[in-house]
> 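What follows is a single structure, and I will ask about it in a moment.
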Amino acid sequence: MESLQPVALCLNRRGLVSATQTRRFTAQRKSQFSVTVQSTHEITCFQWGRQKSCSLISDPKLLSLSSSARPLDADDGSSVAKNAGNLIEAVVGWFDALYRFSRPHTIYGSALGVISVSMLAIQSPADISSIFLIGLLQALIPALLMNVYIVGLNQLYDIGIDKVNKPYLPLASGEFSLNTGIAIVTVSAALSLAMGLLVGSEPLLWALGVSFVLGTAYSADIPMLRWKRSAVAAASCILVVRAVVVQLGFYLHMQAFVFSRAAALTRPLCFTMGFMCFFSIVIALAKDIPDVDGDKVFGIRTFSVRMGKKKVFWMCVGLLQAAYASAFIVGVTSTVLWSKIAMGLGHTALATILWYRSRNVDLSSRAAIASWYMFIWKLFYAEYFLIPLMR
């Protein structure tokens with residue numbers, strides 16, 4: 001930059017610049033730092049291509065720089081360390097956003113579901129081997145990738161809604177760009193389906209393929225799709241994936257592909273599918289209770305919008321209590337004593353906890369309803385700890 005009427009400039013360790021009257025002055029040191037003083041006593045500082053804020057003190061000849069500009073004799077090591085720290089902070093922040101983008105409560109549910117249902121195929125302690133662990137990983141990793149695809153695709157099409165209902169999500173908050181979201185869901189789906197093909201398990205590939213199709217139909221805003229607009233269609237998608245695909249597909253992967261045994265609908269498997277039908281309906285209904293405001297604005301006709309939060313809330317509680325009652329009956333009729341005790345006491349305890357937790361929920365508070373909804377997911381996790389005990 002051209003310099004007019006050069007003046008004396010002093011930059012010390014405290015970042016103090018002393019100048020006489022001038023129209024404009026520029027000082028540079030290896031293109032790393034520059035300062036411009038104009039006749040209005042405004043000052044602009046640049047360091048490594050980034051504009052820094054500066055402040056003007058009372059004496060127009062003494063300008064205090066509130067930038068991170070370093071003095072000429074500063075140690076280069078401090079800047080390197082600071083840049084490294086900023087890089088680490090940026091990387092950690094990106095992975096934190098990715099964690100929230102993946103909707104971790106659904107990731108936990110999918111992981112526990114795959115592990116729990118896979119354990120139903122265990123018939124003796126000898127089945128717990130490296131073959132079992134490898135088969136479990138073959139199912140678990142693509143299942144979690146498919147989960148990221150499904151929840152990520154929903155966020156891509158729900159940015160406007162999430163700015164009202166869930167402004168903390170990365171796409172709604174602007175932490176992730178639209179292109180970043182598209183890249184994540186595309187890579188997740190591609191890797192999931194590719195792994196299913198490479199493993200060569202027909203039940204696994206069937207489970208992943210059906211999940212992909214229904215997850216796309218649920219969220220994608222294209223003709224004939226966007227099934228979440230319909231309360232019945234949305235609930236059906238969640239029910240089929242959570243209650244049928246996860247239970248049947250991953251059990252048969254372990255039973256028929258890994259252990260090379262005849263496929264059979266066993267008593268524990270039938271119980272699991274039946275119980276998860278109840279639970280999947282509850283999750284499909286409960287997830288929309290905190291989101292009534294945003295859903296109304298964008299024309300999403302959920303049961304909560306159509307019937308009201310209170311009716312849907314108590315409908316969910318009633319369905320879960322019915323499911324626990326059924327599980328108690330099935331459990332105590334088992335011919336295995338330890339299974340009878342575990343299933344009877346376990347489901348009695350969960351039903352009691354549900355009732356006490358639901359009694360005093362403030363339905364006028366979105367935070368209270370959201371907290372209760374996450375509690376429902378904890379009950380969902382707990383059930384997957386009981387399922388392997390069904391005999």
Side-chain angles (χ1 to χ4, degrees), residues 103-117 119-120 235 238-239 242-244 246-247 266-292 302-304 307-391:
R103 308 297 280 142
H105 63 282
T106 66
I107 291 288
Y108 302 153
S110 295
L112 286 172
V114 173
I115 295 170
S116 179
V117 172
M119 292 179 67
L120 289 178
I238 295 174
L239 186 150
R242 289 286 178 188
V244 179
V246 171
Q247 323 306 324
T266 62
R267 183 174 185 267
L269 178 62
C270 291
F271 160 78
T272 303
M273 292 173 64
F275 187 91
M276 285 303 166
C277 282
F278 280 91
F279 228 121
S280 299
I281 293 172
V282 169
I283 288 176
L285 295 174
K287 73 179 184 63
D288 296 323
I289 301 176
D291 297 341
V292 167
T302 64
F303 281 109
S304 296
M307 300 172 59
K309 292 186 287 187
K310 184 175 182 179
K311 286 184 179 180
V312 174
F313 175 86
W314 287 110
M315 185 187 299
C316 291
V317 174
L319 285 171
L320 274 186
Q321 293 290 15
Y324 286 135
S326 301
F328 176 86
I329 294 171
V330 173
V332 298
T333 57
S334 172
T335 57
V336 180
L337 180 60
W338 58 264
S339 178
K340 182 182 299 189
I341 295 172
M343 297 298 285
L345 292 179
H347 288 103
T348 300
L350 292 178
T352 303
I353 293 170
L354 170 64
W355 176 252
Y356 277 98
R357 178 66 175 80
S358 302
R359 286 188 312 165
N360 300 316
V361 175
D362 181 6
L363 296 179
S364 65
S365 168
R366 188 182 185 281
I369 298 173
S371 175
W372 177 83
Y373 172 63
M374 296 311 299
F375 164 74
I376 295 300
W377 275 95
K378 293 181 175 66
L379 294 179
F380 185 74
Y381 305 152
E383 188 60 34
Y384 275 124
F385 283 99
L386 289 174
I387 283 174
L389 304 179
M390 170 59 72
R391 289 293 182 268

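Computed from a predicted model, the values in this text were never measured in an experiment.
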> Could you check whether any side-chain heavy atom of L319 comes within less than 4.5 Å of a side-chain heavy atom of M315, counting everything from C-beta outward?
yes
> Provide the full list of salt bridge (charged side-chain N to carboxylate O under 4.0 Å, His left out) pairs with a residue in residues 329-344, sequence neighbours left out, each pair given once.
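For residues 329-344: none.
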> Side chain of K309, backbone of L363: donor and acceptor closer than 3.5 Å?
yes
> Can you check whether V330 reaches F275 side chain to side chain, under 4.5 Å on heavy atoms?
no
> State which residue, out of F385, Y373, Y108, F279, fulfils the ring pair (Phe, Tyr, Trp, His ring centres under 6.0 Å) condition with F380.
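Testing each of F385, Y373, Y108, F279 against F380, the sole residue satisfying ring pair (Phe, Tyr, Trp, His ring centres under 6.0 Å) is F279.
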> Side-chain contact, heavy-atom cut-off 4.5 Å: C316 with L320?
no
> By salt bridge (charged side-chain N to carboxylate O under 4.0 Å, His left out), which residues pair with D288, not counting sequence neighbours?
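Not a single residue meets the salt bridge (charged side-chain N to carboxylate O under 4.0 Å, His left out) criterion with D288.
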> Using side-chain heavy atoms (C-beta onward) and a distance below 4.5 Å, is W372 in contact with I376?
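Answer yes - side chains close enough.
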> Kindly indicate whether the side chain of L120, heavy atoms from C-beta on, has any atom under 4.5 Å from the side chain of T266.
no
> M343 versus T333: any side-chain heavy-atom pair under 4.5 Å?
no
> May I ask you to test the K287-I238 pair for a side-chain heavy-atom distance under 4.5 Å?
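They are in side-chain contact.
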> Of the non-hydrogen atoms in G344 and V332, which two are nearest, and what is the gap between them?
CA-CG1, 4.2 Å
> So do the side chains of L285 and S304 get within less than 4.5 Å of each other, counting heavy atoms only?
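No, every pair of side-chain atoms sits at 4.5 Å or beyond.
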> Would you say CE of M119 has more than 12 non-hydrogen atoms from neighbouring residues, nucleotides or ligands within 6.0 angstrom?
no
> Which heavy atom in I289 sits nearest to a heavy atom in I369, and how many Å separate them?
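Nearest heavy atoms, I289 then I369: CG2-CG2, 3.3 Å.
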> So which atom in P388 and which in S116 form the shortest heavy-atom distance, rounded to 0.1 Å?
CD-OG, 3.2 Å
> Which pairs count as side-chain hydrogen bond (donor to acceptor under 3.5 Å, both in side chains) when at least one residue sits in residues 311-331, sequence neighbours excluded?
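Residue pairs with at least one partner in residues 311-331: there are none.
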> Measure across L389 and A342 and return the closest heavy-atom pair with its distance rounded to 0.1 Å.
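Looking at all heavy atoms of both residues, the shortest contact is CD1-CB, 3.8 Å.
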> Looking only at non-hydrogen atoms, find the nearest pair between V244 and M273 and report the distance.
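Looking at all heavy atoms of both residues, the closest pair is CG1-CE, 4.3 Å.
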> Which residue pairs pass the salt bridge (charged side-chain N to carboxylate O under 4.0 Å, His left out) test with at least one member in residues 343-372, sequence neighbours excluded?
D291-R366
> Which pairs pass side-chain hydrogen bond (donor to acceptor under 3.5 Å, both in side chains) with one or both residues in residues 379-391, sequence neighbours excluded?
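Qualifying pairs, neighbours excluded: Q247-Y384, H347-E383.
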> In chain order, what residues pass the salt bridge (charged side-chain N to carboxylate O under 4.0 Å, His left out) check against R267, with sequence neighbours excluded?
none
